[in-house]
Peer 1: 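Questions regarding the structure given below will be posed in turn.
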Amino acid sequence: MKTKSKKHISLVLSTFILGSMGLVGCSSDSGGSSEPAVVAEKPIIAKTVSGIAVDGYIKLATVTLNGLSTQTNDIGIWSMSYTGNNSHVISVKGGIDTSTGKPFEGTLKAELGADGVNVAVTPLSTLVSSLVKNGETKAAASAKIATQLGISEATLAGDPIAILATGTTEQKSEAAQAMKSILIVQKAAEAFAKSMGDSGSDNYEATFAGMYDVIAAQLGSAAASATTVSAFDTVMANTSGLTTALQANLASTITDPLMNDRLQAASGSVATIITSVHSISNADIANNADSAAKAVEQLTTLIENQLVLISSSTTLAAIGTAQTNAAVVTEQNDIANLVNDYTTNPNLGVTDSVVTPPVVDPVVPPVVDPVVPPVVDPVVPPVVDPVVPPVVDPVVPPVVVPPVVDPVVTPPSSGGGDSTPAVTTQTVSVTATGSSDAGSLASTYNFTAGTYTYAIANFNDGDILDFPAGNNPTMINTSFTDGNLTVQWANDGNVILVNLSNIPTADDASILGTTSFKTAFGTSSIQ
């Protein structure tokens with residue numbers, strides 16, 4: 001096994017003086033004068049700028065700076081001779097993530113900075129660069145992002161893997177938080193991008209960059225009032241809000257009539273990825289960052305293999321099938337077990353293999369549905385209906401109608417039946433795991449913040465899901481034909497899962513997010 005070595009990157013300064021200084025003289029009989037001296041040209045100073053590419057360390061990646069390019073070495077380090085100014089942006093693309101052995105996808109960026117030495121290009125520096133692109137100074141952008149992540153600006157600008165290896169206890173704690181944030185942001189961007197195109201395509205790159213812009217903008221706007229790490233957790237847990245903002249960000253960039261449907265279908269998987277990474281303890285990351293990174297890569301690789309099918313689908317039904325398969329893959333792979341697997345066996349690799357669900361799910365609906373109705377319905381009515389009416393109808397009216405029964409019954413029933421129709425609505429306060437049947441009542445479910453799962457049968461028009469303030473809920477519709485739907489609300493570490501069953505088939509087929517949910521059940525159906 002190759003052992004990683006630490007390298008110190010030093011500043012190399014070389015000076016090239018171009019031009020020369022000379023004096024040309026000319027005299028005449030009348031005493032003449034000499035030509036003025038040629039002044040030396042201003043020296044052009046070249047310097048070496050250098051840095052490291054970090055997701056895990058990214059080897060063999062292409063680094064570009066103001067039209068120049070170079071490649072990272074086997075531990076992610078790069079350097080180049082540079083004569084430009086310090087306001088340019090460094091980009092890192094491609095290569096291999098050495099912590100997982102998998103190709104790095106997307107493009108990371110960083111501002112060059114004052115001296116241009118030891119620049120860490122990471123997902124977090126990419127958030128800073130996004131704010132700078134939109135008008136912030138580097139200092140202001142760095143302060144905002146660091147505050148929202150709950151880490152120092154030194155940790156934000158540094159190499160978190162190196163800090164985990166050599167830092168103080170406090171520095172290691174911050175570096176673990178930085179690594180978790182890196183995994184959350186990067187994998188969320190990758191997942192959304194995969195739903196719009198395969199890695200490297202124009203749509204993938206636009207979506208990847210758009211997601212970073214959206215996250216940075218939301219963190220930047222929250223910085224004025226929020227001062228704790230919960231601001232980052234709140235922004236990332238609001239998958240519905242991120243999805244809506246991403247749709248708006250890409251509206252003028254991507255011309256795809258199904259773009260909003262693709263992104264909405266991917267949002268459930270993105271929510272699961274964020275929740276899964278967030279559940280990994282900082283201690284696990286600090287003690288074995290590679291195992292945590294491999295576990296996340298394994299889970300997201302299997303999910304993303306299904307999200308790519310969303311990008312190639314040409315109908316809502318096909319998008320729904322791919323969404324279903326992604327959800328099934330998630331159910332079959334628990335992040336805690338994956339972290340344990342890679343911790344127990346460090347040589348275990350990340351696999352691209354896709355499990356069985358893609359083969360099973362698409363086959364069932366087409367075969368069963370069309371066969372049953374045509375055979376049964378047409379045969380019964382023609383034989384039974386014509387025979388019965390002529391014999392029965394003429395006999396009944398003359399005998400039954402004359403007795404005056406109605407006037408006697410009506411008065412008592414009108415006075416004693418007032419209490420029954422009054423029960424047409426119900427309000428249910430939900431505070432913990434449980435279940436309920438909405439039935440034919442107009443039911444309002446008021447949820448209290450916490451972490452629990454609640455089941456509701458027969459949710460329909462007039463029923464209302466009222467979640468706590470903070471974040472919009474996210475839809476996870478794993479099938480458009482089974483009458484089941486999961487609604488997830490997450491905020492500040494609280495996660496409420498509401499499993500709806502026996503919803504109308506027509507509504508189930510249309511629900512991809514909160515907008516289509518309100519279209520199906522009413523504008524006030526989810527709050």
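Please read these numbers as outputs of a predicted model, since none were measured by experiment.
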Peer 1: Answer whether the closest heavy-atom distance between the side chains of D466 and F447 falls below 4.5 Å.
Peer 2: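 No, too far: nothing below the 4.5 Å cut-off.
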
Peer 1: Is it true that a side-chain atom of Q306 and a backbone atom of N325 form a donor plus acceptor pair closer than 3.5 Å?
Peer 2: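 Not confirmed, Q306 side chain does not pair with N325 backbone.
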
Peer 1: Strictly distance-based, threshold 3.5 Å: is any side-chain N or O of R262 a donor or acceptor partner for the main-chain N or O of D256?
Peer 2: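 A pair under 3.5 Å: no.
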
Peer 1: Would S267 and Q264 satisfy side chain to side chain donor-acceptor pair (under 3.5 Å), going step by step from the backbone distance to the final call?
Peer 2: CA-CA 5 Å; S267 64; Q264 190 65 59; 3.3 Å; yes

Peer 1: Verify, without hydrogens or angle tests, whether T519 (side chain) and T515 (backbone) share a donor-acceptor contact under 3.5 angstrom.
Peer 2: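 Confirmed, T519 side chain pairs with T515 backbone.
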
Peer 1: In terms of side-chain heavy atoms, does S152 have a donor or acceptor partner in E174 at a distance below 3.5 Å?
Peer 2: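 Side chains of S152 and E174: pair found under 3.5 Å.
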
Peer 1: Measuring from atom CD1 of I182 to atom CD1 of I285, what distance do you get when rounded to the nearest 0.5 angstrom?
Peer 2: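 Interatomic distance, I182 CD1 to I285 CD1, rounded to 0.5 Å: 10.0 Å.
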
Peer 1: Show the nearest heavy-atom pair for residues A520 and S510, with the distance to one decimal.
Peer 2: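 Looking at all heavy atoms of both residues, the shortest contact is CB-OG, 4.4 Å.
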
Peer 1: Which pair of non-hydrogen atoms, one from S181 and one from L124, has the smallest distance, and what is that distance?
Peer 2: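 What the structure gives for the nearest pair is CB-CD2, 4.2 Å.
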
Peer 1: S525 side chain to I464 main-chain N or O, any donor-acceptor pair under 3.5 Å?
Peer 2: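 The answer is no, because no donor-acceptor pair under 3.5 Å joins these two groups.
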
Peer 1: If we only count heavy atoms from C-beta on, is the S443 to T425 side-chain gap below 4.5 Å?
Peer 2: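 SC-SC contact between S443 and T425 ruled out.
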
Peer 1: For the residue pair T451 and I496, establish whether any side-chain heavy-atom pair is separated by less than 4.5 Å.
Peer 2: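 Sidechains of I496 and T451: no contact.
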
Peer 1: Show me the pairs that pass salt bridge (charged side-chain N to carboxylate O under 4.0 Å, His left out) and involve residues 295-310, at least two apart or across chains.
Peer 2: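 Pairs touching residues 295-310 that pass the test: K187-E297, K194-E304.
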
Peer 1: Mind checking whether P473 and I526 have side chains closer than 4.5 Å, heavy atoms only?
Peer 2: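 In short, these two side chains touch, coming nearer than 4.5 Å.
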
Peer 1: Report yes if the side chains of Y454 and V487 come closer than 4.5 Å at any heavy-atom pair, otherwise no.
Peer 2: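 Result no, sub-4.5 Å side-chain heavy-atom pair not found.
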
Peer 1: Listed by chain and number, what are the side chain to side chain donor-acceptor pair (under 3.5 Å) partners of Y445, not counting sequence neighbours?
Peer 2: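 Partners of Y445 under the side chain to side chain donor-acceptor pair (under 3.5 Å) test: S436.
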
Peer 1: Consider side chain to side chain donor-acceptor pair (under 3.5 Å). Of D508, N484, N458, N460, which one does N502 pass it with?
Peer 2: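 One option only clears the test, and that one is N458.
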
Peer 1: T505 vs T481, test: side chain to side chain contact (heavy atoms under 4.5 Å, CB included). Steps then yes/no.
Peer 2: CA-CA 6 Å; T505 303; T481 59; 5.6 Å; no

Peer 1: Show the nearest heavy-atom pair for residues A178 and T155, with the distance to one decimal.
Peer 2: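 What the structure gives for the nearest pair is CB-CG2, 4.2 Å.
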
Peer 1: Is a donor on one side and an acceptor on the other found under 3.5 Å between the side chain of Q186 and the backbone of P123?
Peer 2: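 Between the backbone of P123 and the side chain of Q186 there is no qualifying donor-acceptor contact (under 3.5 Å).
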
Peer 1: With under 30° as parallel and over 60° as perpendicular, where do the rings of Y204 and F208 fit, or are they tilted in between?
Peer 2: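 Parallel: the ring planes of Y204 and F208 meet at under 30°.
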
Peer 1: Test your reading of the model: is there a side-chain donor-acceptor pair from D507 to the backbone of I503, 3.5 Å cut-off?
Peer 2: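 Between the backbone of I503 and the side chain of D507 there is no qualifying donor-acceptor contact (under 3.5 Å).
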
Peer 1: Could you walk me through whether M259 and L250 satisfy the side chain to side chain contact (heavy atoms under 4.5 Å, CB included) test, starting with their C-alpha distance in whole Å, then the side-chain angles of each, then the deciding distance to 0.1 Å, before giving a yes or no?
Peer 2: CA-CA 9 Å; M259 181 188 77; L250 299 175; 3.7 Å; yes

Peer 1: Within a radius of less than 6.0 Å around CG of D202, do more than 12 heavy atoms belonging to other residues, nucleotides or ligands occur?
Peer 2: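 Incorrect, the count does not exceed 12.
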
Peer 1: Check D341 with K294, please: is the shortest side-chain N to carboxylate O separation under 4.0 Å?
Peer 2: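 Between D341 and K294 there is no salt bridge, as every charged N stays at least 4.0 Å from the carboxylate O atoms.
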
Peer 1: The criterion is side-chain contact (heavy atoms from CB on, under 4.5 Å); which residues satisfy it with A449, sequence neighbours excluded?
Peer 2: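 Residues passing side-chain contact (heavy atoms from CB on, under 4.5 Å) with A449: P468, W489, N494.
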
Peer 1: Take D159 and Y57 through the side chain to side chain donor-acceptor pair (under 3.5 Å) test and state the conclusion after the steps.
Peer 2: CA-CA 9 Å; D159 171 0; Y57 290 130; 2.6 Å; yes

Peer 1: Is there a donor in the side chain of S99 and an acceptor in the side chain of D290, or the other way round, less than 3.5 Å apart?
Peer 2: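 Short answer, no.
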
Peer 1: Rounded to the nearest 0.5 Å, what separates atom CG in N249 from atom CG in L242?
Peer 2: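 Spacing of CG (N249) from CG (L242) equals 11.5 Å.
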
Peer 1: If you look at every heavy atom in L263 and S195, which pair is closest and at what distance?
Peer 2: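 Closest approach of L263 to S195, heavy atoms only: CD2-OG, 3.8 Å.
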
Peer 1: With heavy-atom distances below 4.5 Å as the criterion, would you say the side chains of F232 and I151 are in contact?
Peer 2: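 Not touching, per the 4.5 Å side-chain cut-off.
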
Peer 1: Under 3.5 Å, is there a donor-acceptor pair between the side chain of Q527 and the main chain of S524?
Peer 2: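 Side chain of Q527 to backbone of S524: a pair is present.
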
Peer 1: Using only heavy-atom distances, determine whether the side chains of E205 and T107 contain a donor-acceptor pair under 3.5 Å.
Peer 2: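 There is such a pair between these side chains.
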
Peer 1: Could you go through the side chain to side chain contact (heavy atoms under 4.5 Å, CB included) check for T444 and V428 one step at a time?
Peer 2: CA-CA 6 Å; T444 298; V428 181; over 6 Å; no

Peer 1: Hey, does the side chain of Y452 reach the backbone of G434 with a donor-acceptor pair shorter than 3.5 angstrom?
Peer 2: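 Answer holds: no.
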
Peer 1: Look at the side chain of N287 and the backbone N and O of A283, then say whether any donor-acceptor pair between them is shorter than 3.5 Å.
Peer 2: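 Yes.
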
Peer 1: Taking atom types as modelled and ignoring hydrogens, do the side chains of N446 and S429 form a donor-acceptor contact shorter than 3.5 angstrom?
Peer 2: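 S429 and N446 do not have a side-chain donor-acceptor pair below 3.5 Å.
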
Peer 1: Considering all heavy atoms of both residues, which atom of A457 and which atom of D437 are nearest to each other, and what is their separation?
Peer 2: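 Reported closest heavy-atom pair: O-OD1, 3.4 Å.
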
Peer 1: Where do I280 and V296 land on the side chain to side chain contact (heavy atoms under 4.5 Å, CB included) test, with the steps shown first?
Peer 2: CA-CA 10 Å; I280 303 174; V296 173; 3.7 Å; yes

Peer 1: For the residue pair A110 and V121, what are the closest heavy atoms and their distance?
Peer 2: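 Heavy-atom minimum between the residues: CB-CG2, 4.0 Å.
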
Peer 1: What is the ring orientation for F521 with F459, classed by angle as parallel under 30°, tilted 30 to 60°, or perpendicular over 60°?
Peer 2: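 Ring orientation of F521 relative to F459: perpendicular.
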
Peer 1: For the pair S173 (side chain) and T169 (backbone), establish whether a donor and an acceptor sit closer than 3.5 Å, ignoring hydrogens and angles.
Peer 2: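 Pair absent, no side-chain N/O of S173 close to backbone of T169.
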
Peer 1: With a 4.5 Å limit on heavy-atom distance, are the side chains of V329 and L302 in contact?
Peer 2: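 When only atoms from C-beta onward are counted, L302 and V329 do touch, with a gap below 4.5 Å.
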
Peer 1: How long is the straight-line distance from CG of L149 back to NZ of K180, given to the nearest 0.5 Å?
Peer 2: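 The NZ atom of K180 sits 12.0 Å away from the CG atom of L149.
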
Peer 1: Nearest 0.5 angstrom please: T486 OG1 to L497 CG, how far?
Peer 2: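 Here the interatomic distance stands at 6.5 Å.
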
Peer 1: Could you tell me whether the side chains of E153 and S142 share a donor-acceptor contact shorter than 3.5 Å?
Peer 2: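 Judged by distance alone, the side chains do not pair up.
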
